[in-house]
There are 2 protein chains.
Amino acid sequence: MDLDTVRTFVAAADAGQFQEAAAELAVTQQAVSKRIAALERNLGVRLFTRTPRGAELTIDGQAFLPHARELLRVAERAVASVRTGRRPLRVDMLASRSAASGLMRGFHRAHPEIELDVVMLFDIETALAAIRSGAIDASFRAVAVPGRPLPEDIESVRVLDEALQLLTGPAHALAGARSVTVAQLAGHRIWMPGIVPGTEWAAYYDDLVAEFGLTIEATGPNFGSDALLDTIADTPALATFMGEQTRLVWPADHGLRRIPVTDPTPVYPHSLLWHRDNPHPALATLRAHLAAAAAGHDAAGTWAPGWVIPR
Amino acid sequence: MDLDTVRTFVAAADAGQFQEAAAELAVTQQAVSKRIAALERNLGVRLFTRTPRGAELTIDGQAFLPHARELLRVAERAVASVRTGRRPLRVDMLASRSAASGLMRGFHRAHPEIELDVVMLFDIETALAAIRSGAIDASFRAVAVPGRPLPEDIESVRVLDEALQLLTGPAHALAGARSVTVAQLAGHRIWMPGIVPGTEWAAYYDDLVAEFGLTIEATGPNFGSDALLDTIADTPALATFMGEQTRLVWPADHGLRRIPVTDPTPVYPHSLLWHRDNPHPALATLRAHLAAAAAGHDAAGTWAPGWVIPR
DNA sequence: TGTCGGAAACAACCAACCGTTGTACCCATA
DNA sequence: TATGGGTACAACGGTTGGTTGTTTCCGACA
């Protein structure tokens, strides 16, 4: 199916006749007639009843019309998403189920008129390059990597500290606990496949291990979160970390337990990063929204690496 | 833009290389390469970075990808809307802002998995023909026309009685009233352009006029509800009727007043009609939903023509 | 009743596009 | 350095899609 054809259908439906639609689209009446005929042939139904005074929609045509309009709207948004200048606000985040995603959902609820695009870049180095090149407008990341301060033209603000929770299967030794201390985790195997050395989140877990003497294994290929949860649920000796705001997609949770960690609570710090000179109007709105949403969180009893941006 | 091209883009993005995408789509690698190049030329941005081991998305490509997927989803729904056999439930109603629309929104909230299409046919005669031909599955109408009983193969159930309200501008004589009786309306000019003689809703208002001695004018062309509201707001001598569930799209209501009518309250009876032998599974679900939603309404103090289907 | 006018469909032609085959190029790896 | 897997470029042919020219249909009106 061709979107020009769909556009032609909508124009003809609105005009009530092919000739006027043809004039609007700057083609001949015969071209419109052929396009509509081809569309009808593809769909296998008649969309218009031809009359001597024009063409009016059949019931099938009426049913198809709103879908056709929607198709054109979506196509326009798709084109706009890559239009240079005045394109939707483009934000990078760690993963689609991270806490940043919740923040962006909240922002979208508060400002539904602002068009958004979400991309997921590899790590903070890539994100910084993309911000400086203008390819993205903002990034949710745990700034920065140890010993490497942010460039001067990048600004940032810490917007959310997300507590880590322990995720275990029902047969795990800690499965019955209401909460566990970090000290209790020493000696237990914590499995986090997919950690890529050199990224800022790998640095976070390295720091966590070094600080509290934990055992985190990143061995084995990462088959995705479904496979991870599957293994955790079935393996009594394994547990994993998960952000408190991560929503599991899991049939009835499969007996998985989420256990808060205390003394201290490790938190993953999400900061918003953007370029000092980025003129996108929606960026200011986003910053204002996040500043309001971030206010009033309590940092007492939590832990984060010393190299992240302070609150 | 061509949807085959979009499909090719999504396949290439998923596969991470053009060759595998080409195999999936049963075309040659060169065809995929050309399609992607053409798409990039149209959009004016590079979507993939070509590497010796395949092709990976640029940031623009990442931003475009979800829109492309959405485009394919919408296209599939569009095609499904006219597919014979197992197509979405197709329902006819009076107008997009009628009470039936509210009922269908409620049904959609309760059963978001059921695909719906709404069409707006001319009158109940057209609707009955469409139901019998299978072109639509159900219709919200005020059955029937006086003196013409429903055909035997059409079933119906009264699902909602919608009270009529008087709509006036701020300078109308009744604008200050908390409610008005039908008797008080005698002598006032009620303006309802767009009433088409011969339709079942024209018959309804004919009956209303005959029963209570009202003055309803249907003169003048119907320029749409915006123009109607505009005139009502500015003309002290004119008022109109409007269903209580009709949502006005009006900047700050422009001083318009909605006044309940009593002694008795005229109600517009909405019934659901369907064909006895229609096998669409969603139709049974809709009937069950509406039966539950319709229960417990009070008919005391209301008026409807004698020829409609009884409750 | 016959004619006129507006609108869509049909036919023939031409150009542009699209997919194919064949080939060159690039780069990681052995 | 050779090889293999991947992409881009070039040339060719068939199909598609748009245009012009013409026919058909039907309502309005004399």
Side-chain angles (χ1 to χ4, degrees), chain A residues 1-62 64-65 68 71-72 75 122 196, chain B residues 1-62 64-65 68 71-72 75 79 122:
Chain A
M1 189 160 25
D2 178 23
L3 287 184
D4 273 340
T5 306
V6 176
R7 219 179 310 279
T8 305
F9 167 75
V10 172
D14 286 343
Q17 60 178 40
F18 289 4
Q19 287 213 132
E20 196 179 320
E24 234 172 78
L25 301 169
V27 294
T28 60
Q29 167 265 321
Q30 289 89 334
V32 171
S33 177
K34 278 173 83 169
R35 283 186 189 175
I36 301 288
L39 183 60
E40 289 177 327
R41 190 156 17 89
N42 280 337
L43 295 174
V45 297
R46 188 142 268 246
L47 297 172
F48 289 96
T49 55
R50 278 74 163 172
T51 77
R53 283 188 316 284
E56 57 186 28
L57 288 173
T58 62
I59 294 178
D60 281 317
Q62 282 188 50
F64 187 71
L65 181 57
L71 208 44
L72 298 182
F122 178 64
V196 181
Chain B
M1 188 159 28
D2 179 24
L3 288 184
D4 273 340
T5 306
V6 177
R7 219 180 308 280
T8 305
F9 166 76
V10 171
D14 287 343
Q17 59 178 40
F18 290 3
Q19 287 216 131
E20 195 179 320
E24 234 171 77
L25 300 169
V27 294
T28 61
Q29 166 265 320
Q30 288 88 333
V32 171
S33 176
K34 280 173 81 169
R35 283 185 189 176
I36 300 288
L39 182 59
E40 289 177 327
R41 190 157 16 89
N42 280 337
L43 295 174
V45 296
R46 190 140 266 246
L47 297 171
F48 289 96
T49 56
R50 278 73 164 174
T51 78
R53 284 189 316 284
E56 58 186 28
L57 287 173
T58 62
I59 294 177
D60 281 317
Q62 283 188 50
F64 187 71
L65 180 57
L71 209 43
L72 298 182
V79 172
F122 177 66

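Residue numbers start from 1 in every chain, and the chains themselves are labelled A, B, ... in the order their sequence lines are given, proteins ahead of strands.
Summarising the geometry of B:Ala21 relative to B:Ala15, their closest heavy-atom pair is N-CB, 4.0 Å, with the distance given to 0.1 Å.
Rounded to an integer number of Å, the gap from CG of A:Leu25 to C1' of D:dT19 is 16 Å.
Against DNA chain C, the stretch residues 39-51 of chain A makes heavy-atom approaches under 4.0 Å through A:Arg50. Heavy-atom distances under 4.0 Å link DNA chain C to no residue of residues 5-14 of chain A.
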Pairs under 3.5 angstrom only: tabulate donor-acceptor contacts from the side chains of residues 31-38 of chain A to other protein residues two or more places apart or in another chain.
{"unit_1": "A:Arg35", "atom_1": "NH1", "unit_2": "A:Thr8", "atom_2": "OG1", "d": "2.7"}

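Residue pairs meeting the salt bridge (charged side-chain N to carboxylate O under 4.0 Å, His left out) criterion with at least one member in residues 17-26 of chain A: none, sequence neighbours excluded. Sorted by first and then second residue, the pairs that involve residues 1-13 of chain B and meet salt bridge (charged side-chain N to carboxylate O under 4.0 Å, His left out), not counting sequence neighbours, are B:Asp4-B:Arg7. Listed by first and then second residue, the side chain to side chain donor-acceptor pair (under 3.5 Å) pairs that reach into residues 47-60 of chain A are A:Glu40-A:Arg50, A:Asp60-B:Arg90, sequence neighbours excluded.
For the atom pair CG (A:Leu72) and CG (B:Leu71), the distance works out to 9.5 Å, reported to the nearest 0.5 Å.
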What nitrogen or oxygen pairs link the protein and nucleotides 25-29 of chain D at under 3.5 Å?
none

Below 3.5 Å between N/O atoms, which protein atoms pair up with nucleotides 14-16 of chain D? Just atom names and distances, please.
none

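Residues passing the ring pair (Phe, Tyr, Trp, His ring centres under 6.0 Å) test with B:Phe9 are B:Phe48, B:Phe64, sequence neighbours excluded. Residues satisfying the side chain to side chain donor-acceptor pair (under 3.5 Å) test with A:Asp14, not counting sequence neighbours, are A:Arg69.
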Would you give a per-nucleotide map of nucleotides 11-25 of chain C, 5' to 3', where B means the base has a protein non-hydrogen atom under 4.0 Å away, S means only the sugar-phosphate does, and - means neither?
--------BBBBB--
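Within the 4.0 angstrom heavy-atom criterion, only backbone atoms of the sugar-phosphate kind lie near A:Gln17; the bases stay farther away.
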Run B:Asn42 and B:Met1 through side chain to side chain contact (heavy atoms under 4.5 Å, CB included) and show every step you take.
CA-CA 8 Å; B:Asn42 280 337; B:Met1 188 159 28; 5.7 Å; no
